[in-house]
Amino acid sequence: MAVGPVWAAAGACFRGKSDPGLAGMAPLAGAGAVLAGAVAVALLSAALVLYELPLDAVLQRAFSLHKAHSIKDMENTLQLVRNIIPPQTSKKHKGQDGRIGVVGGCQEYTGAPYFAAISALKVGADLSHVFCTREAAPVVKSYSPELIVHPVLDSPSAVHHVEEWLPRLHVLVVGPGLGRDDTLLENVKGILEAAKARDIPVVIDADGLWLIARHPALLQGYRKAVLTPNHVEFNRLSEAVLRDPGDGSDREAVQRLSQALGNVTVVRKGERDVISDGEQVLECALEGSSRRCGGQGDLLSGALGVLVHWALLAGPEKTNGSSPLLLAAMGACSLTRQCSHQAFQKHGRSTTTTDMIAEVGPAFHRLFET
Ligand SMILES: NC(=O)C1=CN([C@@H]2O[C@H](COP(=O)(O)OP(=O)(O)OC[C@H]3O[C@@H](n4cnc5c(N)ncnc54)[C@H](O)[C@@H]3O)[C@@H](O)[C@H]2O)[C@@H](O)CC1
Ligand SMILES: Nc1ncnc2c1ncn2[C@@H]1O[C@H](COP(=O)(O)OP(=O)(O)OP(=O)(O)O)[C@@H](O)[C@H]1O
Ligand SMILES: [Mg+2]
């Protein structure tokens with residue numbers, strides 16, 4: 001089998017801010033290089049599994065132009081990425097591997113919060129809550145008995161209700177299926193303030209990003225926030241925050257937005273996912289599929305919620321000083337794209353997000369546990 005397509009399949013690029021290509025891994029200092037290498041090897045290993053090529057052949061081909069990175073370094077750093085995944089043991093209690101809250105779900109959109117919350121469970125969280133409107137709650141509940149659903153988001157005491165749960169949650173995913181009703185958005189403002197006051201990490205997606213575009217100060221400088229805009233959401237945010245987004249590459253644009261927001265982590269989804277914390281810029285171009293059905297971003301945001309919790313819990317000795325949120329983002333992007341790839345192989349044109357969710361377990365295993 002030709003090796004070219006293998007590299008395309010595992011085509012993750014990890015670029016330092018001052019460097020234009022994969023060769024740019026060389027100037028990345030210390031932890032940055034470690035992170036970049038780790039994720040590269042994770043994805044290469046995934047390609048290996050998929051195409052059953054010897055690891056050496058894949059790595060030699062992929063890195064032959066970049067001698068600075070020995071294969072051994074790559075193998076060592078792969079362990080770093082895997083390190084953030086908590087081991088499964090019989091000693092744990094329910095909830096320890098993640099209690100995730102999804103804030104979203106209204107009359108029009110019940111699928112999005114379901115996709116995010118169930119994806120969090122499928123990745124490995126123990127409990128997944130959805131805070132949605134009263135009308136949406138029975139619908140979301142009916143999709144799955146595994147979700148805990150709170151019909152509070154349109155209540156006058158919504159903030160108080162959610163605040164009561166915050167001490168029992170590790171991460172909030174805010175926005176899937178939220179809609180743009182002003183009353184709801186006002187409640188979500190209060191919920192975000194309460195989460196920040198408790199230092200709870202937040203993943204902001206979909207209509208949560210609409211809110212941030214209107215009120216960027218809400219998250220300004222909050223280093224435990226990750227934004228996951230699609231193409232349109234990214235442009236909206238850039239216009240709102242930067243006024244003059246200017247020209248330049250995708251990577252520069254993402255890095256500039258992150259910096260302008262005080263180094264919150266930004267994940268711009270697209271043909272390639274571009275991730276930045278304002279200091280480093282990474283790209284994930286693992287082969288997904290050409291299917292663009294709705295809900296794939298919701299899967300990503302739910303998965304990211306869990307990985308953010310795990311990465312922050314892992315501590316610097318496990319991540320070797322690399323940004324935990326960048327690690328989490330690379331993990332979630334790779335996983336979503338791998339799910340898409342696997343689902344498309346089975347279902348082709350009829351692939352939907354439900355098919356991708358069925359692939360979360362096998363895709364996770366292929367990427368991170370083999
Ligand atoms: N089953 C469901 O309940 C779903 C609900 N969703 C919810 O729908 C609401 C609106 O989300 P939208 O993503 O539609 O956001 P917007 O309402 O901002 O719409 C974005 C528009 O841009 C288009 N677009 C997206 N990516 C593009 C690209 N790369 N280039 C050009 N155009 C592009 C889309 O077709 C859409 O019309 C959110 O609350 C979201 O969570 C979505 O998550 C999809 C699934
Ligand atoms: N052109 C593309 N080629 C390959 N993968 C893509 C492409 N565009 C998006 N993706 C992948 O699809 C996933 C979701 O991204 P997308 O841009 O569809 O989000 P979204 O619009 O927020 O989705 P949702 O419908 O859930 O709101 C991401 O993992 C991203 O990497
Ligand atoms: Mg979306």
Side-chain angles (χ1 to χ4, degrees), residues 8-9 11-13 43 102-119 123 130 132-133 135-136 139-140 142-144 153 173-181 184-185 188 203-214 226-240 250 253-254 266-275 282-304 307 328-344 351-357 359-360 363 367:
C13 304
L43 300 180
V102 175
V103 178
C106 62
Q107 189 183 22
E108 294 90 342
Y109 307 123
T110 53
Y114 161 77
F115 290 144
I118 200 76
S119 298
V123 166
V130 175
C132 58
T133 64
E135 231 177 340
V139 183
V140 177
S142 74
Y143 298 149
S144 166
L153 212 48
V173 178
V174 177
L178 176 62
R180 292 173 193 173
D181 176 87
L184 289 191
L185 294 180
V188 173
V203 174
I204 314 286
D205 188 33
D207 299 314
L209 297 168
W210 171 266
L211 177 66
I212 300 305
R214 284 169 146 203
V226 188
L227 312 187
T228 57
N230 63 23
H231 176 81
V232 173
E233 290 157 347
F234 182 84
N235 289 345
R236 193 184 290 134
L237 273 171
S238 290
E239 299 264 326
D250 282 358
V254 175
V266 176
V267 180
R268 177 182 155 158
K269 300 170 291 189
E271 192 172 349
R272 289 165 171 268
D273 299 325
V274 183
I275 306 163
L282 309 180
E283 286 189 23
C284 177
L286 186 78
E287 187 180 10
S289 80
S290 47
R291 187 78 172 103
R292 299 270 65 79
C293 58
Q296 302 187 39
D298 305 319
L299 191 166
L300 192 154
S301 64
L304 180 56
L307 288 163
M330 278 301 302
C333 290
S334 311
L335 181 66
T336 307
R337 297 171 77 102
Q338 181 67 19
C339 288
S340 176
H341 185 69
Q342 291 180 196
F344 191 78
T351 300
T352 61
T353 299
T354 301
D355 301 317
M356 286 174 56
I357 288 167
E359 297 297 329
V360 168
L367 286 177

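Every number for a ligand or one of its atoms is a count from 1 in the order of the listing.
- The N/O atoms of Ala206, backbone and side chain alike, include none that comes under 3.5 Å of an N/O atom in ligand 1.
- Annotation for ligand 2: atoms under 4.0 Å from non-hydrogen atoms of Leu300 are 28 (C), 29 (O).
- When the heavy-atom distances from atom 6 (C) of ligand 2 to Glu271, Glu233, Arg292 are ranked, the shortest goes to Arg292.
- Not counting sequence neighbours, Ser142 has no partner by the side chain to side chain donor-acceptor pair (under 3.5 Å) test.
- Atom 12 (P) of ligand 1 is never approached by the protein to below 4.0 angstrom, counting heavy atoms only.
- Compare Arg291, Lys269, His231 by their heavy atoms: the one nearest to atom 15 (O) of ligand 2 is in Lys269.
- When atom types are taken as modelled, the side chain of Glu239 and the backbone of Arg236 share no donor-acceptor pair closer than 3.5 angstrom.
- Scanning all protein heavy atoms for the shortest distance to atom 13 (C) of ligand 2 gives Gln296 CB, 3.9 Å.
- Note on ligand 2: Ala206 sits outside its first shell, no heavy atom being nearer than 4.0 Å.
- Within the structure, ligand 2 has Gly297 among the residues with a heavy atom less than 4.0 angstrom away.
- Less than 4.0 angstrom separates atom 35 (O) of ligand 1 from none of the non-hydrogen atoms of the protein.
- In terms of protein heavy atoms, atom 21 (O) of ligand 2 is closest to Asn230 ND2, 2.9 Å.
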What pairs of donor and acceptor atoms, side-chain ones from residues 294-302 against any protein atom, are under 3.5 angstrom apart with sequence neighbours left out?
unit_1	atom_1	unit_2	atom_2	d
Gln296	OE1	Arg292	NH2	3.4
Gln296	NE2	Arg291	O	2.9
Gln296	NE2	Cys293	O	3.4
Ser301	OG	Asp298	O	3.0

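- Atoms of ligand 2 lying under 4.0 Å from any heavy atom of Asp298, numbered from 1 in the order shown and given with element: 26 (O).
- Residue Gly294 approaches ligand 2 through these ligand atoms, each under 4.0 Å from one of its heavy atoms: 25 (O).
- The nearest protein heavy atom to atom 19 (O) of ligand 1 is not closer than 4.0 Å.
- Taking a distance limit of 4.0 Å, we find that atom 8 (O) of ligand 1 is approached by some protein heavy atom.
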